[in-house]
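Just below is one structure, and these are the notes that go with it.
We use all heavy atoms of the structure for the numbers below, so side chains are in, but hydrogens, waters and symmetry mates are not. By convention here, the first residue in the shown sequence is residue 1. Note that ligands are numbered from 1 as they come in the structure, with each ligand's atoms numbered from 1 the same way. Quantities reported herein were computed from a predicted structural model and do not represent experimental measurements.
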Amino acid sequence: MELGISYFGNRIMRHFRRDLEDIRARHFTYVVHTFSENDQVFYKQTMAEMVQATKDAGLTAWVDPWGVGRVFGGEAFSNFTGLNPDSVQVANDGIITHCACPNAPKFREFMAKWIADAKEIGGEILFWDEPHFYMPSWLGGRPGTWACTCPHCRARWDERHPGKPFPNELTEELSEAREDWLFDFLRFLTDETAKVGLPSAICLLPTSSDHPEAASNWEKAAALPNVSVIGTDPYWCFSHVHRTVEDFVRPQTEKLMKVAREHNLHAQMWLQGFKIPAGREPELQAAVDVFIENGCRDIAVWGFDSCQHISWIRPDNPEKTWATVCDALARVKDLE
Ligand SMILES: [Zn+2]
């Protein structure tokens, strides 16, 4: 006799309720719920129940377009890109990428529907996480290429520089245009979010020569009319990024806090709680100290239980990482 059963436990309510108690006991005041394209199709009502449980526990429910269109951060794939080859980014080698194009009208329509669904499941704040153009150095990228050269981007270029041919290289002018297109996409998202009566939080990728596809002129995001929170996530020892708290977390924190102050926005800093190499756990406390020293009073950690269920980003020592994160945050929880 064999008795088989399928198992995929991370959306099981009785597990979530137990984790939620743990989250509350550790003094967290809000939960950022990942709401991927997969969740949107197959787990929508489940997500609504999780969001409601979060609110019932007295915590604020944020909703995050995790990996949606592969334009946002997250360990999730996109279905949109497979279904809409006319709306994906095209690299300079003429081959399509696995990322939707922020300039494609169909992708904007898709995001408007995602926003409506995030509202429907009860989200209280929508979290625009790490918006970026195609990253050749990231999962699924082709090293040495760049995007986007799709017809939608070419049309936007023609509007911007009438009569000037679309560059064959990623020139400074094209990089500037691309960054402005990303902010234009953020404007669309935050305006749509405001239309459904919700506030927007934006988390910008840290400025880094590793990722020129990310926006570096953060003040342009901060100046958008419907943004309430601005943040960044300077993960300093992830993958090929091996920096220190002092040479990476500190300058990115200083930059974020300055932009937030100048635009009178609530500032949020993300603490790396995943993929921490063995022996470097004490740096978590050092990073929290940097956030606090710079005046930040909203620190979020990615993610619960140090993401040990995601083997791809599991820390070398998950228990020690999670305990260090929780200790570091418990020390600052009552600061005004
Ligand atoms: Zn494009």
Partners meeting side-chain hydrogen bond (donor to acceptor under 3.5 Å, both in side chains) with Gln89 (sequence neighbours left out): none
Does Asp316 pair with Lys275 as a salt bridge, N-O distance under 4.0 Å? no
Using the ring pair (Phe, Tyr, Trp, His ring centres under 6.0 Å) criterion, which residues pair with His161? Sequence neighbours excluded. Trp157
Aromatic rings Tyr235 and Phe274: how do their planes relate, parallel, tilted or perpendicular, breaks at 30° and 60°? perpendicular
Relative to each other, are the rings of Trp62 and Tyr30 parallel, tilted or perpendicular (30° and 60° limits)? parallel
Mind listing the side-chain donor-acceptor pairs of residues 324-336 below 3.5 Å, one per line with the distance, residues two or more places apart or on another chain?
{"from": "Thr324", "atom 1": "OG1", "to": "Lys320", "atom 2": "O", "distance (Å)": "2.6"}
{"from": "Arg331", "atom 1": "NH1", "to": "Gln285", "atom 2": "OE1", "distance (Å)": "2.2"}

Suppose the cut-off is 2.8 Å; how many protein N/O/S atoms fall inside it around the Zn ion (ligand 1)? 4
